[in-house]
Amino acid sequence: NRPVEELLGYSLAELKQKDWISEFLEPSERTRIETAMAETLRGKAPDKSFQTRVKSRLGEVRVIEWGDRLIPKVGSDTKFLFGIGMDVTEREQAEQGRRLMQRAIEQSINGIVMADVDVRLTYVNDTFVHMTGYESAAEILGRPASDFCQDPVVVAEIVARPLRED
């Protein structure tokens with residue numbers, strides 16, 4: 001279909017001449033996908049979803065999330081494998097960025113805290129727990145941020161800052 005043509009950079013006529021698995025999937029994924037398709041066709045997993053990385057004509061790698069379903073032909077033993085794919089590359093990149101940011105926060109040498117609108121702590125990293133002498137984040141979460149600052153004016157200024165920047 002047209003979106004596949006645009007995604008991969010091939011015409012429909014060219015796509016019809018190509019073997020999807022050997023042409024577009026990365027070598028490391030081919031066996032996994034062939035196995036998944038064979039299981040679906042044997043009825044072991046009639047509904048299956050998975051992700052693959054495909055390479056376009058220009059060498060761009062995209063992440064595709066697939067949903068496959070085995071559909072029987074009425075009045076026959078013949079079955080069809082129906083598959084639909086969705087390009088989730090941007091979603092996967094965003095998730096990878098989120099995981100990287102989470103690791104950076106968790107592993108920071110600086111104490112990092114987050115608070116809700118009532119200025120009660122909703123997140124603290126391990127560094128903050130150790131800096132404040134507590135054993136676990138559970139002892140800290142839900143407490144007012146002012147409990148951890150000697151000057152309540154400083155807390156008020158920090159809380160007001162993001163509001164002023166909007």
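A donor-acceptor contact shorter than 3.5 Å is absent between the side chain of Asp118 and the backbone of Arg120. For Glu5 (side chain) and Leu12 (main-chain N/O), a donor-acceptor pair under 3.5 Å exists by modelled atom type. With Ser56 contributing its side chain and Gly9 its backbone, the two residues share no donor-acceptor pair below 3.5 Å. Checked by atom type and distance alone, the side chain of Gln51 never pairs as donor or acceptor with a backbone atom of Val63 at under 3.5 Å. With hydrogens and angles ignored, the 3.5 Å screen pairs a side-chain donor or acceptor of Arg30 with a backbone N or O of Leu25. At distances below 3.5 Å, at least one donor-acceptor pair connects side-chain atoms of Glu139 with backbone N or O atoms of Ser136. Under a 3.5 Å cut-off, the side chain of Thr35 and the backbone N or O of Thr31 do form a donor-acceptor pair.
Taking a 6.0 Å sphere around CZ of Arg99, one finds it holds more than 12 heavy atoms contributed by other residues, nucleotides or ligands. For Glu90, the CD atom sits in a packed shell: over 12 heavy atoms of surrounding residues, nucleotides or ligands are nearer than 6.0 Å.
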Residue pair Thr89, Glu60: steps toward the side-chain contact (heavy atoms from CB on, under 4.5 Å) verdict: CA-CA 11 Å; Thr89 306; Glu60 180 184 24; over 6 Å; no

Verdict with supporting geometry, Lys18 and Leu8, side-chain contact (heavy atoms from CB on, under 4.5 Å): CA-CA 12 Å; Lys18 297 192 177 289; Leu8 297 176; over 6 Å; no

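The cluster map of Ile, Leu, Val, Met, Phe, Trp and Tyr, joined by side-chain heavy atoms under 4.5 Å apart, puts Met101 and Tyr123 in the same cluster. Note on Val113: it does not cluster hydrophobically with Ile105, by side-chain heavy-atom contacts below 4.5 Å among ILVMFWY residues. One hydrophobic cluster, built from ILVMFWY side chains closer than 4.5 Å, cannot hold both Val119 and Leu121; they sit in different ones. No continuous path of ILVMFWY side-chain contacts below 4.5 Å connects Met131 to Val124, so the two sit in separate hydrophobic clusters. Hydrophobic clustering (ILVMFWY, side-chain heavy atoms < 4.5 Å, transitive): Val88 and Ile84 are in distinct clusters.
Classification of Arg91 and Glu95 as a salt-bridged pair fails, no side-chain N sitting under 4.0 Å from a carboxylate O. Ion pairing between Glu29 and Arg32 holds under the 4.0 Å rule for side-chain N and carboxylate O.
Screening residues 15-43 for ring pair (Phe, Tyr, Trp, His ring centres under 6.0 Å), with sequence neighbours left out, gives Tyr10-Phe24, Trp20-Phe24, Trp20-Trp66.
Rounding to the nearest 0.5 Å places CZ of Arg57 at 9.0 Å from CG of Leu15. Interatomic distance, Arg98 CZ to Arg103 CZ, rounded to the nearest 0.5 Å: 9.5 Å. Atom CG of Leu7 is separated from atom CZ of Arg62 by 6.5 Å, given to the nearest 0.5 angstrom.
Closest approach of Phe148 and Ile140 over heavy atoms only: CZ-CG2, 3.5 Å. Counting all heavy atoms, side chain and backbone alike, Thr127 lies closest to Gly111 at CG2-N, 3.8 Å.
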